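Labels below follow one simple rule: chain letters A, B, ... track the order of the sequence lines, proteins then strands, and each chain is numbered from 1. No experiment lies behind these values; they were computed from the predicted model shown. We use all heavy atoms of the structure for the numbers below, so side chains are in, but hydrogens, waters and symmetry mates are not.
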Amino acid sequence: MEYNHKEVEKKWQDYWEKNNSYLTKEDSKNPKFYVLDMFPYPSGEGLHVGHPKGYVATDIIARVKRAQGFNVLHPMGWDAFGLPAENYAIKTGVHPEIITEKNVSNIKRQMKMIGLSYDWSREINTTDPEYYKWTQWIFLKLYENGLAYKKLLPINWCPSCKTGLANEEVVDGKCERCGTETTKKDIEQWVLKITAYADKLLEGLNDIDWPEKIKEMQKNWIGRSEGWEIKFSINDTKEVSVFTTRIDTLFGCTYLVLAPEHPLVNELQIENKEEVLEYINKAKNKSERERISEVKDKTGVELKGVKVINPINGKEIKAYVADYVLFNYGTGAVMAVPAHDERDFDFANKYELEIIEVIKGENKKEGEVFIEDGVLFNSFDFDNLTSEEGREKIGEYLKKQGKAEKKVNYKLRDWVFSRQRYWGEPIPIIHCSKCGMVTVPENELPLKLPYVEKYQPTGTGESPLAAISDWVNVKCPKCGGDAKRETNTMPQWAGSCWYYLRFLDNKNKEEIFNKEIEKKWMPVDLYVGGAEHAVLHLLYSRFWHKFMYDIGVVSTKEPFYKLRNIGLILAPDGQKMSKSKGNVISPDVIVDEFGADTLRAYEMFMGPFDQAIQWNEQGVKGVNRFLSKAWDIIVSCKDNKTSSTEVIAMVHKLNKKVSDDLSKMKFNTPIAFFMEFFNSISEKKDEFGKDEIERVLKLLSPFTPHLCEELWSVLGNKNSILLEKWPEEDLSLIKEEKVMMIVQVDGKVRERIEIEIDTPKEEVQKIVLSNERLKKWIEGKEIKEVFFVENKLINICVA
RNA sequence: GCCGAGGUGGCGGAACUGGCAGACGCGUAUGCCUUAGGAGCAUAUGCCGUAAGGUGUGAGGGUUCAAAUCCCUCCCUCGGCACCA
């Protein structure tokens with residue numbers, strides 16, 4: 001009986017489909033388990049072998065949990081708005097909607113081909129008006145709660161995609177999507193006030209089981225720092241505020257620096273105004289990359305004739321404009337303490353500015369800047385205080401005079417939320433000349449994306465929607481007068497901010513989802529996806545979720561309780577798989593040649609789940625060999641009635657190891673255990689009986705469901721193996737009577753002996769000392785000490 | 001520079017709470033089978049050594065009867081952040 005993967009896999013996939021085997025029951029009384037994959041963008045290339053790795057892992061978990069009696073929710077959907085479909089549409093003239101549909105059906109075919117156990121009745125698509133209706137609804141809630149506002153501000157602009165971008169979408173000064181260098185552009189933008197949730201987003205990290213790496217990335221991105229805001233007087237008439245975390249170094253402040261964009265520069269009387277304006281202009285025209293690459297070389301211009309007073313000692317100091325000070329952090333102005341800050345030190349050296357040391361410490365090295373905390377000196381009444389005390393005392397001292405205030409600053413910026421592109425959710429806002437901004441009434445949602453012939457981005461800062469006059473021109477819902485629709489669309493991240501919630505109740509027409517259902521299923525128990533979304537999707541969706549929690553829409557503070565990252569599958573050449581490099585391996589090819597079960601088992605066996613590993617065709621063959629070996633063995637044993645006690649012990653041991661490792665999200669070692677098991681059982685085929693065969697099949701079935709279903713029926717079972725309970729090992733059957741004991745002399749392994757289990761130390765020692773082979777090492781020497789670990793090891797020290 | 005993860009055979013990787021390092025797979029070698037093999041099966045396989053034995057988990061030191069595992073110093077690789085005051 002040869003295993004024919006094509007026939008068998010088709011047979012069972014049809015069976016599962018016909019029997020609705022993976023439907024989640026809403027009325028189940030069993031405890032819930034929500035296991036979710038990051039839903040894909042339905043690209044035209046379909047899946048490559050890297051994509052299923054995460055899907056297979058969650059599929060295994062879902063199958064085990066079902067067998068363990070959980071009511072499992074395991075859905076899948078499509079994150080289908082975004083640039084690729086739109087760009088393709090521009091090139092070919094085929095509407096993005098049609099392309100999306102085509103791509104979805106291809107990827108769905110691939111997912112079914114791999115045997116993934118999704119509940120397809122819950123499928124969602126972010127471009128479906130019945131879905132984005134609620135994305136727009138959430139936007140309106142954000143707007144009503146003052147968390148969405150429109151503002152003119154210099155934003156990151158991608159000249160190739162012709163749209164504004166969020167900070168999170170600019171990587172190394174380049175557009176995250178297309179790699180083009182971004183520029184700055186002043187456009188009126190919709191912005192979401194994610195900064196209002198900075199502290200909540202930080203605190204929430206303590207309550208969730210996420211990889212440390214992702215938590216750290218989010219913490220750094222939010223970048224909370226505590227310090228003081230201090231007012232310096234300028235020219236006796238004006239004031240400028242600076243933010244500092246090191247108010248303890250205030251006596252060492254020898255100049256003040258304004259960012260080029262600082263508005264005060266225009267207001268001040270400056271003797272060398274022309275020179276200053278020229279510098280500012282040059283700084284503004286620098287691209288993000290130029291600015292980054294010039295970090296070492298700090299430039300600036302003195303504001304001549306401007307007098308600044310250090311509030312702590314009344315000392316007059318100079319003022320500069322320099323682009324090493326960022327306008328969008330803190331107050332856009334900085335007090336410079338060259339003795340205790342590297343940047344200020346570099347700048348002061350270049351422009352020969354005064355350097356006054358005010359902090360001393362043990363680690364201070366000659367000729368280097370001392371940036372650590374230490375003890376204050378040159379600081380009058382505050383001398384001999386520690387930095388920490390100094391901060392408190394100096395801060396409070398200035399606070400009493402109204403010159404300083406405690407302040408918390410964040411690196412996190414508000415989320416630039418509008419895109420000047422076609423293929424996204426329309427923002428449901430109407431601009432009325434009388435009433436100002438008016439929301440589209442909820443009962444008019446969804447505000448459908450109009451069908452257009454031309455999707456080309458305009459590059460003018462307006463979206464293509466602006467050209468559709470019969471869509472743009474509307475009556476104001478408030479006053480009935482002439483008004484215009486907002487023509488910007490939402491970014492591609494909008495739909496993915498809340499999709500995990502719509503799976504719970506995806507056909508609900510009345511509300512975003514039923515509250516009771518939400519309470520029952522949330523939070524997501526296990527969320528699996530790539531780490532590249534650390535400060536994009538994973539931050540944005542936490543923000544929306546926390547907002548929805550605050551307005552009573554959801555019942556949990558966090559959306560995803562446990563997160564695990566997938567390690568990439570690299571091409572055999574060690575590079576990332578990509579169409580342009582021509583190194584993509586399609587699952588279609590692997591499944592055709594070896595079958596879905598081989599693909600699944602190999603992807604799990606490759607190595608640790610969260611680690612990047614190269615694809616190796618030989619490895620696929622190895623796993624395939626193992627599966628046919630397992631098939632042959634079980635087929636040849638199918639009529640065996642009972643097992644030997646030894647085989648029973650082996651099977652229960654296997655059971656324990658597989659269960660233990662799966663609970664730790666380890667998938668490579670269980671496969672290895674199965675291989676080991678079948679290697680040993682091949683010599684004991686006669687002792688491998690029905691009950692044990694069935695137990696092994698139940699354990700293996702989450703990994704290779706088709707093969708196991710088939711063998712299950714070969715054994716004469718009429719029902720699907722999916723209905724079987726996950727087996728629990730019986731530890732009493734594993735207990736062995738004899739064990740191998742390691743015998744060491746002076747810590748070196750010299751012999752191994754078989755003894756009765758639980759033999760006491762004295763007896764083992766007696767056996768060991770009479771052992772012929774060990775005499776060589778012990779004879780004539782004095783035994784100093786004997787260490788004994790029960791059932792494991794005895795170490796005789798003679799040295 | 002800062003943060004995070006990691007460094008084990010020719011390769012991917014195992015190793016519980018400190019207790020046989022190298023499970024499992026790939027590759028390689030030899031043999032069998034075959035008209036043939038980039039198929040299948042069997043055996044071997046960390047390194048040095050004919051062997052006894054020695055040696056070995058990035059480097060060096062330490063703790064311990066015993067260290068891949070714990071501690072200290074350093075090096076390297078990958079990922080992220082990066083003028084954030």
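- Within the 4.0 Å cut-off from OP1 or OP2 of B:rA85, not a single side-chain nitrogen or oxygen of A:Tyr324 is found.
- The P atoms of B:rG6 and B:rC70 are separated by 11 Å, rounded to the nearest whole Å.
- The phosphate of B:rC81 (OP1 or OP2) has no side-chain N or O of A:Lys411 nearer than 4.0 angstrom.
- Between A:Phe594 and A:Tyr602, the distance from one ring center to the other does not fall under 6.0 angstrom.
- B:rA5 and B:rG9 have their C1' atoms separated by 23 Å, with the value rounded to a whole Å.
- When heavy atoms are screened at a 4.0 angstrom cut-off, A:Lys748 is found touching the sugar-phosphate backbone but no base atom.
- Nucleotides B:rG79 and B:rU64 have their C1' atoms positioned 36 Å apart, rounded to a whole Å.
- Distance CD (A:Glu372) to P (B:rC2): 11 Å, rounded to an integer number of Å.
- Within a 6.0 Å sphere centred on CD of A:Glu754, heavy atoms belonging to other residues, nucleotides or ligands number more than 12.
- Pairing each heavy atom of A:Asp199 with each of A:Arg224, the nearest pair is OD1-NE, 2.8 Å.
- Nucleotides B:rG60 and B:rU55 place their P atoms 15 Å apart, quoted to the nearest Å.
- Distances shorter than 4.0 Å separate none of the side-chain N or O atoms of A:Arg625 from OP1 or OP2 on B:rC24.
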*List the protein contact pattern of nucleotides 13-21 of chain B with one symbol per nucleotide (5' to 3'): B for base contact, S for sugar-phosphate-only contact, - for none; contact means a heavy-atom distance under 4.0 Å.*
SSSB--BB-
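- Taking atom C1' on both nucleotides, B:rA21 is separated from B:rA66 by 14 Å, rounded to a whole Å.
- In this structure, CE on A:Met650 lies 5.5 Å from NZ on A:Lys684, to the nearest 0.5 angstrom.
- Going from the P atom of B:rA23 to that of B:rG13 covers 15 Å, rounded to whole Å.
- Outside the 6.0 Å centre-distance limit, the rings of A:Trp631 and A:Phe678 are not counted as a close aromatic pair.
- In this model, a donor atom of one side chain and an acceptor atom of the other lie less than 3.5 Å apart for A:Thr669 and A:Asp661.
- Of the residues listed (A:Lys664, A:Lys656, A:Lys657), the one engaging A:Asp660 in a salt bridge (Lys or Arg N to Asp or Glu O under 4.0 Å) is A:Lys656, and it is the only one.
- Among all heavy-atom pairs drawn from A:Gly607 and A:Ile613, the shortest one is CA-CD1, 3.2 Å.
- Nearest heavy atoms, A:Thr245 versus A:Glu226: CG2-O, 3.4 Å.
- One can place CD1 of A:Ile783 at 17 Å from P of B:rC65, the figure rounded to the nearest angstrom.
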Pick out the pairs of N or O atoms, protein on one side and nucleotides 3-6 of chain B on the other, that lie under 3.5 Å.
residue	atom	partner	partner atom	Å
B:rC3	O2'	A:Glu216	OE1	3.3

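- If you check every strand for non-hydrogen atoms under 4.0 Å, A:Val325 touches a base.
- Glycosidic conformation, B:rG9: syn, with the torsion inside 90° of 0.
- The nearest whole Å value for the distance from the CD atom in A:Gln618 to the C1' atom in B:rA39 is 12 Å.
- Taking the ring centroids of A:Tyr255 and A:Phe347, they lie under the 6.0 Å cut-off.
- Across B:rG62 and B:rA68, the matching P atoms stand 15 Å from one another, rounded to whole Å.
- Using a 4.0 Å heavy-atom distance criterion, A:Asp344 is classed as making no nucleic acid contact.
- Atoms NZ (A:Lys629) and P (B:rC24) sit 10 Å apart, rounded to a whole Å.
- Rounded to whole Å, the distance from CZ on A:Phe703 to C1' on B:rC24 is 14 Å.
- Only the C1' atoms considered, B:rC71 is 39 Å distant from B:rG27, to the nearest whole Å.
- Look at CD1 on A:Ile671: it is 15 Å from C1' on B:rG12, rounded to the nearest Å.
- Atom CG in A:Asp248 sits roughly 12 Å away from atom C1' in B:rA85 (whole-Å rounding).
- Using a 4.0 Å heavy-atom cutoff across all strands shown, A:Gly223 reaches no nucleic acid atom at all.
- Per the geometry, CG belonging to A:Asn616 stands 17 Å off P belonging to B:rG10, to the nearest Å.
- Summarising the geometry of A:Val369 relative to A:Asp341, their closest heavy-atom pair is CG1-N, 3.6 Å, with the distance given to 0.1 Å.
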